[in-house]
Amino acid sequence: MATRNKSAKTATKSRTPRVEVMNHPTNPKPSAKPEAKAHSSSRNNGSIAHAKGKLGVMIPGMGAVATTFVAGVEAVRKGLAKPIGSLTQMGTVRLGKRTDGRSPKIKEFVPLAGLDDLVFTGWDIFEDNMYEAASNAGVLDQRLLDQLKPFLSSVTPRAAVFDHNYVKKIDGPNVKKGKTKMDLAEQLRDDIRDFKKTSGASRLVTMWCGSTESYVVAGEAHQSVKSFEKALRENDETIAPSMVYAYASMMEGVPFANGAPNLTVDLPVMLELSRQNEAPICGKDFKTGQTLMKTILAPGFKARMLGLNGWFSTNILGNRDGEVLDDPGSFKTKEESKLSVLEHILQPDLYPELYGDMYHKVRINYYPPRGDNKEGWDNIDIFGWLGYPMQIKVDFLCRDSILAAPIVLDLVLLMDLAKRCSELRGLGIQEWLSFYFKSPMSAPGLYPEHDLFIQLMKLKNTLRHLKGEELITHLGLEYYD
Ligand SMILES: NC(=O)c1ccc[n+]([C@@H]2O[C@H](COP(=O)([O-])OP(=O)(O)OC[C@H]3O[C@@H](n4cnc5c(N)ncnc54)[C@H](O)[C@@H]3O)[C@@H](O)[C@H]2O)c1
């Protein structure tokens, strides 16, 4: 789908149904027992409970992203590799003035779960364990996987909640049976309780790493917990499997992050549940590859008031994700997520002479020989002083899951932090985690912030705020007093 001459206002209206339909529930009453109360806060970390005990990571979809993440965590734990790309593991946060010299690592500044505390489970329609699934995905070197084999083989998939109508290109045998979607949700809740008990985890987080589902718009069933539960009992076809996982997680008080562009938690019912049960939610579709590049480059053009005539993006990829996206329904879901980025960053309504007439097109082509090593081409037509045109070509030979895995790790740790934090856990949407998503979530009526650098500042300022540190505005006049 191409976009041309569309004002940001129109685009926002047509692409984000949540703006029209979401309501913040007032005085929410928990409709289910949330996870055990967090530990009391300490003097050092204010209202953030300690990260005590094991953190259980539950992953619907044990494919390329999930296995690259889990294998990566184990490789880092064994000292075989470094967690490159993870802000929580490698990033620092500056505190106070530039002259203070205080820049602790994020993981030392806020109390995050340690990698040794992570335990894993997953669901998939295929019966492969994590070792087999990682070998099939072909992302990581087989020699590395073989060193991790005993651990990876021990993570076996639970039977999935799956509906072929939502992911047309794949089918598998490891699927739950139930008379209604409510039965299936109950079975997932049993799985969650079982994992918590058998793994000894004190806290849980769910990360959707399943396939991209067919495009669906918010409807009657999604407006409230009441209507959603009725629809679950009536097998309403507008309830996608990912929504059943999200419902089950939040009913158990477990935070839910969505790595795919599916609607899943971008619905009034999920916001209501999230707030009621203190189960944080955040945006959808991990920001990797081409969209990462877009959110790095576009803010630069805008900062320098360079105009944009057009941005043509095409991709070839050959993994299972690429095969799923070959179906028009799943591609539409992805396309919506990828297209919204530029208009929100460039704000054509504020800068009509620069961005009012831009043409933005995204293509994804399934090309098996490329496997997970996607190639993304961008042709960018910009213009400068007196309207003189220039071109930029980007050819990004990236590895999708290598870029996604550290995002999964950071989200696991930061969603768990949100759950332990008295100020954040009842908010529902965690906008400060926009940094990680192609489609960040924001409060109803508020446009999402897509600029990677603003997102990073927001994330770090949120951490400073939680710890009672001064926010950094970059004003800096005091250095010249
Ligand atoms: N790789 C990236 O960089 C990247 C970036 C952004 C978003 N994503 C999204 O993340 C998701 C995972 O990507 P991937 O490359 O790992 O794909 P993948 O195809 O390798 O893995 C997805 C897995 O989900 C399983 N699955 C599908 N429906 C399921 C269900 N209802 N319950 C349980 N399992 C289910 C599939 O069987 C498959 O094993 C996709 O939606 C993709 O679009 C990936």
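When a ligand or atom number is given, it counts from 1 through the structure's own listing order.
- Comment: Lys169 does not engage Asp321 in a salt bridge, judged by the lack of any side-chain N to carboxylate O separation of less than 4.0 angstrom.
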Residues Glu229, Arg233; criterion side chain to side chain contact (heavy atoms under 4.5 Å, CB included); working and verdict = CA-CA 6 Å; Glu229 288 181 339; Arg233 282 189 289 269; 4.2 Å; yes

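- Within ligand 1, counting atoms from 1 as listed, the ones closer than 4.0 Å to a heavy atom of Phe126 are 37 (O).
- Residue contact check: Ala404 has heavy atoms under 4.0 Å from atoms 2 (C), 3 (O) of ligand 1.
- Backbone and side-chain nitrogen or oxygen atoms of Pro261 are examined, and none is located within less than 3.5 angstrom of a nitrogen or oxygen of ligand 1.
- Any N or O atom pair closer than 3.5 Å counts here, and Thr212 shares at least one such pair with ligand 1.
- The proximity of Tyr245 to ligand 1, defined as any non-hydrogen pair under 4.0 Å, is limited to the side chain.
- Atom-to-atom distance recorded for Leu271:CG and Ser224:OG is 12.5 Å, nearest 0.5 angstrom.
- Nearest protein neighbour of atom 42 (C) of ligand 1, counting heavy atoms only, is Asp321 OD1, 3.3 Å.
- Partners of His450 under the side chain to side chain donor-acceptor pair (under 3.5 Å) rule, at least two apart in sequence or in another chain, are His344.
- Only backbone heavy atoms of Cys209 (N, CA, C or O) come within less than 4.0 Å of ligand 1; its side chain stays farther off.
- With a 4.0 Å heavy-atom cut-off, ligand 1 is reached by the side chain of Thr288 but not by its N, CA, C or O.
- In the displayed structure, Glu220 atom CD is contacted under 6.0 Å by at most 12 heavy atoms of other residues, nucleotides or ligands.
- Annotation for ligand 1: atoms under 4.0 Å from non-hydrogen atoms of Gly63 are 16 (O), 20 (O), 21 (O), 23 (C), 39 (O).
- Close N/O approach between Trp208 and ligand 1 is not found [any backbone or side-chain N/O within under 3.5 Å].
- Judged by the shortest distance from any of its heavy atoms, Lys438 lies inside the 4.0 Å radius around the atoms of ligand 1.
- We find that Lys332 and Glu335 are not joined by a salt bridge, their nearest charged nitrogen and carboxylate oxygen being 4.0 Å or further apart.
- A salt bridge links Arg158 with Asp194: at least one charged nitrogen is closer than 4.0 Å to a carboxylate oxygen.
- Counting heavy atoms of neighbouring residues, nucleotides and ligands inside a 6.0 Å radius, atom CZ of Phe312 exceeds 12 of them.
- Taking every non-hydrogen atom of Trp123 and a distance limit under 4.0 Å, the qualifying atoms of ligand 1 come out as 33 (C), 34 (N).
- Of the N or O atoms in Asp285, none lie within a sub-3.5 Å distance of an N or O in ligand 1.
- The nearest heavy-atom contact from the protein to atom 29 (C) of ligand 1 is Phe162 CD1, 4.0 Å.
- Between Lys374 and Asp400 there is a salt bridge, since a side-chain N of the basic residue sits under 4.0 Å from a carboxylate O of the acidic one.
- Ion pairing of Lys458 with Glu449 is absent here, as no side-chain N (NZ or NE/NH1/NH2) approaches a carboxylate O to less than 4.0 Å.
- Between Ala137 and ligand 1 there is no heavy-atom distance shorter than 4.0 Å.
- Ligand-side atoms of ligand 1 in range of Gly259: 6 (C), 7 (C), 8 (N), 9 (C), 10 (O), range being under 4.0 angstrom from any heavy atom.
- Heavy atoms of Glu323 found under 4.0 angstrom from ligand 1: none, in either backbone or side chain.
- Between Glu252 and Arg193, at least one side-chain N (NZ, or NE/NH1/NH2) sits under 4.0 Å from a carboxylate O, which counts as a salt bridge.
- Counting only heavy atoms of the protein, atom 27 (C) of ligand 1 lies nearest to Ser211 OG, 3.1 Å.
- At least one N/O-N/O distance between Val161 and ligand 1 falls below 3.5 Å.
- At least one N or O atom of Ala64, backbone or side chain, sits closer than 3.5 Å to an N or O atom of ligand 1.
- Within a 6.0 Å sphere centred on CZ of Arg399, heavy atoms belonging to other residues, nucleotides or ligands number 12 at most.
- Among Asn136, Ile407, Asp400, the residue whose heavy atom lies closest to atom 2 (C) of ligand 1 is Asp400.
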inquiry  = Under the criterion side chain to side chain donor-acceptor pair (under 3.5 Å), I'd like the reasoning laid out for Lys393 against Gln391: C-alpha separation, chi angles, the key distance, then a yes or no.
reply    = CA-CA 7 Å; Lys393 312 275 182 190; Gln391 282 188 15; 2.9 Å; yes

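- Protein heavy atom in closest approach to atom 41 (O) of ligand 1: Gly210 O, 2.8 Å.
- Considering both main-chain and side-chain atoms, Phe286 never comes within under 3.5 Å of ligand 1 through any nitrogen or oxygen pair.
- Nearest protein heavy-atom neighbour of atom 35 (C) of ligand 1: Gly61 CA, 4.1 Å.
- Summary of contacts: the protein heavy atom closest to atom 1 (N) of ligand 1 is Val65 CG2, 3.3 Å.
- Near Ala160, meaning under 4.0 Å from any of its heavy atoms, are these atoms of ligand 1: 32 (N), 33 (C).
- Taking the six-membered ring where the residue is Trp, the centroids of Trp208 and Phe256 are separated by 6.0 Å or more.
- With respect to the salt-bridge test (charged N to carboxylate O, under 4.0 angstrom), the residues Asp327 and Lys168 do not qualify.
- Nearest-heavy-atom check against atom 23 (C) of ligand 1 across Asp372, Thr333, Asp171, Asp124 picks out Asp124.
- Residues Trp123 and Tyr245 place their aromatic rings such that the two centres sit under 6.0 Å apart.
- Short contacts between ligand 1 and Ile125, defined as distances under 4.0 Å to a heavy atom of the residue, involve ligand atoms 37 (O).
- In this view, Phe228 and Tyr247 satisfy the ring-ring contact (aromatic ring centres under 6.0 Å, His included) rule, not counting sequence neighbours.
- Nearest-residue assignment for atom 39 (O) of ligand 1 (options Met62, Arg320, Lys176; heavy-atom criterion): Arg320.
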